[in-house]
Amino acid sequence: MLEKHYDPKQVEDGKYDKWVKGNYFQAGLDRSKPPFSLVIPPPNVTGKLHLGHAMDTTLEDIITRYKRMKGFDVLWLPGMDHAGIATQAKVEAKLREEGVTRYDLGREGFLKKAWEWKEEYAHTIHEQWKKMGLSIDYSRERFTLDEGLSKAVRHVFVTLYNEGLIYQGERITNWDPELKTALSNIEIVHKDDEGEFFYFRYDVVGTDRSIVVATTRPETMFGDTAVFVNPKDPRYQDLIGKKVINPANGEELPLMADSYVDVSFGTGAMKCTPAHDPNDFNLAKKYHFPLIKVLDETAHMNEKCGIYQGMDRYECRKALVEKIKEEGHLVKIEKIVHSVGHSERSDAVVEPMLSKQWFVKMKPLADKVLERQKTSGKVEFVPKRFEKVLLRWMSNIEDWCISRQLWWGHRIPAYYHKETGEVLVSEEAPDMNLYVQDEDVLDTWFSSALWPFATMGWPNTENPDFQRYFPTSCLVTGYDIIFFWVSRMIFQSLHFTDEVPFKQVVIHGLVRDSLGRKMSKSLGNGIDPMDVIDHYGVDALRYFITTNSTPGMDMRYIEEKVASSEAYLNKIWNACRYVEGVLGENYTPRAIEKKKLGTLDADIMNRLEKTIKKVGSKMDSYEFGQASSVLYDFVYDDFCSNYLEFSKISLSHGGEEAEVTKDVLYKVMKDIILMIYPYTPFVTEEMYLSLPGHRDSIMCEPYPTYEKQFLNKKASDQVQILQSMIRDIRNYKSSNNIAPNAKVRLVVSPKEPFPGSGEYLSRFAFANSYAVKKEILGGNPFIYPGCEMVVEEDVDPTVLLGRLEKQKEVLESEIARSTKILSNPGFVAKAPKEKVELEREKLKNNNDLLKNLLDKIEQIKK
RNA sequence: GGAUGCUUAGCUCAGCGGGAGAGCAUCGCCCUUACAAGGCGGGGGUCGCAGGUUCGAACCCUGUAGCAUCCACCA
């Protein structure tokens, strides 16, 4: 027997272990079923899971559990990501607290620490997955650094290299001076920072003239190789070709002309620093300038900078500007707000800097994606609009810098001959007496990009999982990693398997705090899902987080809504408790027989079928908010507020009528539980097990099916009249200061909505006597389609007339509306027939109602 | 500079071509034997603004304002 109150803790206890032990999460046990597959977006082993993970994985779990019920053999493959930079930064930070650097430990020693870290956080993540109730297949769990994935990574690298799609080159890359590694373009976060725009006067050699050049990064002036103006700029025509003096170090620089320079920006004169600016780098290539690096890997000034050597870049900037000012070459300093690149991980200001890195040539790979998206074999985005995000990015893509100067990650399978320096790229290591391996590791996304197929045994295409479950059916992820992950999986998958990695990608938004701000450590506004679970239970959290937003839209974490989710579950819990009590221990479920149903039974069955159909279609299109809201209305209004209450009467009659009611209560209750189960597996399992005739687990049950035979509009129309009567009386009492449970006498004429409805009226409207008469006089009349009801209370005729007049006004305005629409020739001619018919019917009914009402008013006036 | 999204009840949000909805908050009445973490009944919105399409627009189109996010540029 269920407890009086739903207690999440008691309900959740032990269930997950039971499911795991029962192999309910394992794929491939019944291969006669059609396959359905998805992979988890592998969480980083950097820390605890947050609400975003909770939402993402719950959505996947809902899909997984739903598809299982629908008869699919579902594989939901779990795993974690080594998260190169992020994890290494965390491990280094921890070491720093212990007073150790990674260099103290050496590569081997450091990696040992990193693996220890990984084990610790993998354990935490496992605990959290368990708490969340994720129905993942543990027998297939993977890690991006495990042997299988590492092999796939090497294979991909070597293949792309041999195809000329991976190359090594000296380029300007984004350098994170804190983490001391190169970054890819999308790992840079641009922020509008306040900065200074320094205007310096450069003397022109051999003249008494000078030219003013503006810069935001004076410290890079030691690496300048020229000053450029636009060839059409009238201000500088006579100076082009002359030399100017670099005020930083007194060296002579050529003053040159190139159309790249924007005449209207700054002073129209620009310094060229090839080793520290991508545009200057391009200019330098054109004019064969030397590339002079002036910063080291920690953004300190190097030997090219004279007395400034060893200074931090900002220290140097300050000192240098001071010096130039003293020498009279500073014209002005302008405060500006400009966009500055920061490292996504360390937040350090990124230094564009020349370095030798490995790149993926993106154009050919991106083109394949663009081509595929024009065909029916494309990746379908849900919601559709996110496809544009991908396409635009793919159309303007730049080469991907994949090497990172880190230790934690897949080491690049490139080897250099110790003597000749010749490069060897190979999946297997060569004789290490002759070769040394490249020190760098790959961008963490390089391996994540292979996740959907490398986890299934690829490059061994004979692997049974790969054959059965790839391409995967869908992927669920946030819009914030479309570039990082989704796009890269697509192009790698297309290139290597000629298949899309997933047929559909379901994009969700971010979880924000209650004020709409992004949750972040610095704001301290993060919510730990585990705390929420402690307070409200995991089912309430899951329900809230997957039903309170629209696909692709951000949502706010509102604690009251979690509470109200729990209250809803408590509502269902208690309904189930009631049903359980009614059925008793000896009840044996029977199939519903249509011909045995009373009007109220037929009505709830009608509504149930409509609900099953609607909910199913919303589930299929991943509109979980809408699915849950359809179900909510059914549960609250149709079932709990009406049928469940009404059932008390038929049950009291006993006999076959009561037995049929039990059958219907059982059927509806069970279907409700099954429909909400994918959202809230724990509480529904508990309720399911409390019902008679249950199997070992709710996970053995198929999804409710829509049965047309139970559609019955007539029954629902009749019950609706009954509901109106009850509501009218309740409302009547409320507005006349009559206690809700005060008894009133009722007369219905000329016939009741359906046989036996009087008993319901008596009980739910608290009538102490009830009669059906051909004709009635006096009292408080209420008019319905096909019948009239009178509350036989003594009443002030003026008050009564007022009420009836009000009713009349409502009816008249309804009639006016219908008449207006129907007298519009366009409507009658062009609107769908059903609409027109419906409107005509309404008009007729309302006219009848009005006629009766007017008669009533006349009678009373007499 | 380009793109996308949002603007609906006091708050948070659904709905996205045929009569304005939910949760919370609010007001009134009820400890009625599933549920007081409840029940019943109510109040509250010219759906940002302006045009247009349509028989019909919160919903489609155009423009416009505000907010948010993403991309690009910034010597």
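Treat the numbers as computed from the prediction; the structure is a model and nothing was measured. Numbered from 1 within each chain, the chains take letters A, B, ... in sequence-line order.
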Requested in this report: Please determine, for the side chain of A:Ser564, which listed nucleotide (B:C35, B:G23, B:C13) has the closest atom?
Outcome: B:G23
Query raised in the report: Any N or O donor-acceptor pair linking the side chain of A:Lys571 to the base of B:C35 at under 3.5 Å?
Result: yes
Requested in this report: Quick one: list whatever passes ring pair (Phe, Tyr, Trp, His ring centres under 6.0 Å) with A:Phe544, sequence neighbours left out.
Outcome: A:Tyr557
Query raised in the report: Which part of the nucleic acid, if any, lies within reach of A:Ser735 when heavy atoms closer than 4.0 Å are counted: base, sugar-phosphate only, or nothing?
Result: nothing
Query raised in the report: Do A:Glu12 and A:Lys9 meet the salt-bridge criterion of a basic N to acidic O distance under 4.0 Å?
Result: no
Query raised in the report: Touch check for A:Lys4, heavy atoms < 4.0 angstrom, all strands: base, sugar-phosphate only, or nothing?
Result: sugar-phosphate
Query raised in the report: Nearest to the side chain of A:Tyr632, which nucleotide is it out of B:C29, B:U12, B:A22?
Result: B:A22
Report task. Please check if the distance between the ring centroids of A:Tyr543 and A:Tyr568 is under 6.0 Å. Result -> yes
Report task. Using whole Å, report how far OH of A:Tyr6 lies from C1' of B:G38. Result -> 17 Å
Query raised in the report: Does A:Asp638 reach the side chain of A:Tyr643, with side-chain heavy atoms less than 4.5 Å apart?
Result: no
Report task. Please determine if a side-chain N or O atom of A:Lys820 lies less than 4.0 Å away from the OP1 or OP2 oxygen of B:G56. Result -> no
Report summary line: Sequence neighbours excluded, the answer for salt bridge (Lys or Arg N to Asp or Glu O under 4.0 Å) partners of A:Arg313 is A:Glu351
Query raised in the report: OP1, OP2 of B:G42 versus side-chain N and O of A:Asn731: anything below 4.0 Å?
Result: yes
Report summary line: Any stem touching RNA chain B, meaning at least three consecutive Watson-Crick or G-U pairs under 3.5 Å, ordered by first number, would be B:1-7 with B:65-71, B:10-13 with B:21-24, B:26-30 with B:38-42, B:48-52 with B:60-64
Report summary line: Counting primed atoms, P, OP1 and OP2 as sugar-phosphate and everything else as base, the B/S/- map of nucleotides 67-75 of chain B against protein heavy atoms under 4.0 Å is ---SS-BBB
Query raised in the report: With rounding to whole Å, what would you report as the distance between B:A14 and B:C47 at their C1' atoms?
Result: 13 Å
Donor-acceptor pairs under 3.5 Å, side chain of residues 837-845 of chain A to any protein atom, not counting sequence neighbours: which ones?
unit_1: A:Glu839; atom_1: OE2; unit_2: A:Arg817; atom_2: NH1; d: 3.0
unit_1: A:Glu839; atom_1: OE2; unit_2: A:Ser818; atom_2: OG; d: 3.0
unit_1: A:Lys844; atom_1: NZ; unit_2: A:Asp848; atom_2: OD2; d: 3.4

Query raised in the report: Checking all strands, does A:Cys272 fall into the base, sugar-phosphate, or nothing category for heavy-atom contacts under 4.0 angstrom?
Result: nothing
Report task. Please figure out whether A:Asn548 or A:Met553 has its closest RNA chain B nucleotide nearer the 5' end. Result -> A:Met553
Report summary line: In short, side-chain hydrogen bond (donor to acceptor under 3.5 Å, both in side chains) pairs touching residues 627-637 of chain A with sequence neighbours left out are none
Requested in this report: Look at all strands and tell whether A:Pro825 reaches a base, only sugar-phosphate, or nothing, counting heavy atoms closer than 4.0 Å.
Outcome: nothing
Query - Listed nucleotide nearest any side-chain atom of A:Glu645, set B:C16, B:A37, B:A34 - result: B:A34
**Report entry** Closest to side chain of A:Asn570, choosing from B:A14, B:A37, B:A34
**Finding:** B:A37
Query raised in the report: For B:G39, does either OP1 or OP2 sit under 4.0 Å from a side-chain N or O belonging to A:Tyr636?
Result: yes
Query raised in the report: Heavy atoms under 4.0 Å, any strand shown: does A:Phe200 hit a base, just sugar-phosphate, or nothing?
Result: nothing
